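Notes follow the structure.
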Amino acid sequence: MAKPSIPQGTRDFSAETIRKRNHILSTIRKVFELYGFEPLETPAMENLETLMGKYGEEGDKLIFKILNNGLNDPKNIDKAREGFDKLLEGKSTPSLTERALKYDLTIPFARYVAMNHGQLTFPFKRYQIQPVWRADRPQKGRYREFTQCDADVVGSTSLINEVELINIYHQVFTQLGLEQYELKINSRNILLALAEACGGADKLIDITVAIDKLDKIGLEKVKIELQQRGLNENQIVTIEKYLSIAGNNVEKLAAIEDLLGKNIHTSKGIEELSFIVHHASNTHLAIDFTLARGLNYYTGVIFEAKAPAAVQMGSIGGGGRYDNLTGLFGVPNIPGIGISFGVDRIYDVLEELQLFPASIQTNTKALFFNMGENESLFAFDVLQQVRAQGIACEMFHETSKLDKQFKYAEKKNIPYVVIIGSAEIEKKECVIKHLLTGKQENISLTQLSSFLQ
RNA sequence: GUGGUUGUAGCUCAGCUGGUUAGAGCACCAGAUUGUGAUUCUGGGGGUCGUGGGUUCGAGCCCCAUCAUCCACCCCA
């Protein structure tokens, strides 16, 4: 029997981890609900054709495909062989695989909207908290199975949605104690205007891929990459000017107008960004013209939430406006916008910055010490009365050294210890000790429940 | 998918150019002493050195493969 193991990039979650994850998840869920979003869940797997082609060429490679069953059935064998030949050429084929694990929550959501648009009330606001899978090579902050928390609004072009989603980011991160996060925004329209100024919209992807790397590889290397991607010197000069735009949000908007002039895309982009900058109550909001974001379905404003610079984690959330996502599924003219939180990375960041409150580690309010056979039976009755008041508590399972009982409480992060020995029984009181402060006092048994409340 | 790093006890690691029964700290367990987490004292359990091959008289150490890990690229949450 081989040693038991789990697939690369997946994890088991222990009680402690789950509590911490739930802390994040419930914070996000509450904020989503506060803004009127409603829950949705979709299957772990989708039809492969639903997913293919939606995330770009690289994305297609990272989709986990599920092998069809029954390939060895005599009536399927020929097709399976044929399919295998295609597979070796790098093409997936329905004769081998027709289903895949979902890669994100946005595309399944778009599929859902396309299937149900007749029944939905627009604007439709949904949130979704589910695992997704990517066949990426794991490293720090990157897993093959991870949880996304998405909130999307479809059926509205109002920029108020952008503002609200930005406020959601702010509220969630603030509540989690992640004060130093950064929210970058940009607009695809600005990027499009830049591409047009540099030889045409078909250069958009080449330009964005290169400039997105600015803070990572530096200006000189970006210029080299632009050159390799076929941009001429004049165009690179324009891009260099574009990249050198600095200042506060208002100054940046003025500068971009100077540089790119008054064409339709520039004005659209500026209109979007300035509306948001003026209405979002978020000091962490920074316009960043180098922000590109890979997914090619975005058409308007794009976001990226970054972890505090102190931790090397990068993106902990992202999103943007897509004006025709359901069009991919045959239902045109439903505009939408969405954001996503990456729970697993947020977890890693909070862990590194030690931002998880100790109180989330247990429900148990108090541990009753076991001071002997008779004492423990007496204490047990007291304990039941406390539980009847809805206060979670437990008693140490056997009489043993106080040392050991203290350690148990400490390990389970139980805040209070209740000691009822023969002396206390006589006086109808107990010793209650707060483990964090080390302070203890004697209180009467009748007051115990209200003390712990 | 490409290139690299690491893998020794529950945890953090040591183990010199391959040489007897593989070590430390912490943790854990038992006992002594204590109606209060500490300190102290005594004793104890634990590892087929990630896995599988190979070279060698002999492998934790060298070679190959494999799995996992972390890092860079790619991409992204």
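Naming convention: chains lettered A, B, ... in sequence-line order (proteins, then strands); numbering from 1 in each chain. The structure displayed is predicted, hence computed values, not measured ones.
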Q.
For a quick test of reading the model: is some side-chain N or O of A/Lys140 closer than 4.0 Å to OP1 or OP2 of B/U69?
A.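 A/Lys140 to B/U69 OP1/OP2: no side-chain N or O under 4.0 Å.
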Take atom [atom1] of [X] and atom [atom2] of [N], then tell me their distance rounded to the nearest Å.
X        : N     : atom1 : atom2 : result
A/Ile339 : B/A77 : CD1   : C1'   : 13 Å
A/Arg144 : B/C70 : CZ    : P     : 12 Å
A/Gln139 : B/U69 : CD    : P     : 12 Å

The side chain of [X] lies closest to which of these nucleotides: [options]?
X        : options             : value
A/Asp403 : B/G37, B/U69, B/A77 : B/G37
A/Lys433 : B/U33, B/G37, B/G35 : B/G37
A/Arg137 : B/A72, B/A77, B/C28 : B/A72

Q. Within the modelled atom types, does a donor on one side and an acceptor on the other bring the side chain of A/Arg142 and the base of B/C75 under 3.5 Å apart?
A.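 Pair found.
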(Q) Given the structure, check if the side chain of A/Gln440 and the base of B/G35 hold any donor-acceptor pair shorter than 3.5 Å. (A)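 Answer no: no donor N or O sits under 3.5 Å from an acceptor.
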Classify [X] by what it touches in the nucleic acid, base, sugar-phosphate, or nothing, heavy-atom distance under 4.0 Å.
X        : result
A/Gly141 : base
A/Ile346 : nothing
A/Lys439 : nothing

**Q.** Separation between the P atoms of B/C61 and B/G50, rounded to whole Å
**A.**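 8 Å, rounded to whole Å.
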Q. Which whole number of Å gives the distance between the C1' atom of B/A14 and that of B/G53?
A.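 Approximately 28 Å lies between the C1' atom of B/A14 and that of B/G53.
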Q: Taking A/Lys102 for its side chain and A/Pro43 for its backbone only, find out whether a donor-acceptor pair lies under 3.5 Å.
A: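 Side chain of A/Lys102 to backbone of A/Pro43, a donor-acceptor pair under 3.5 Å: yes, one is there.
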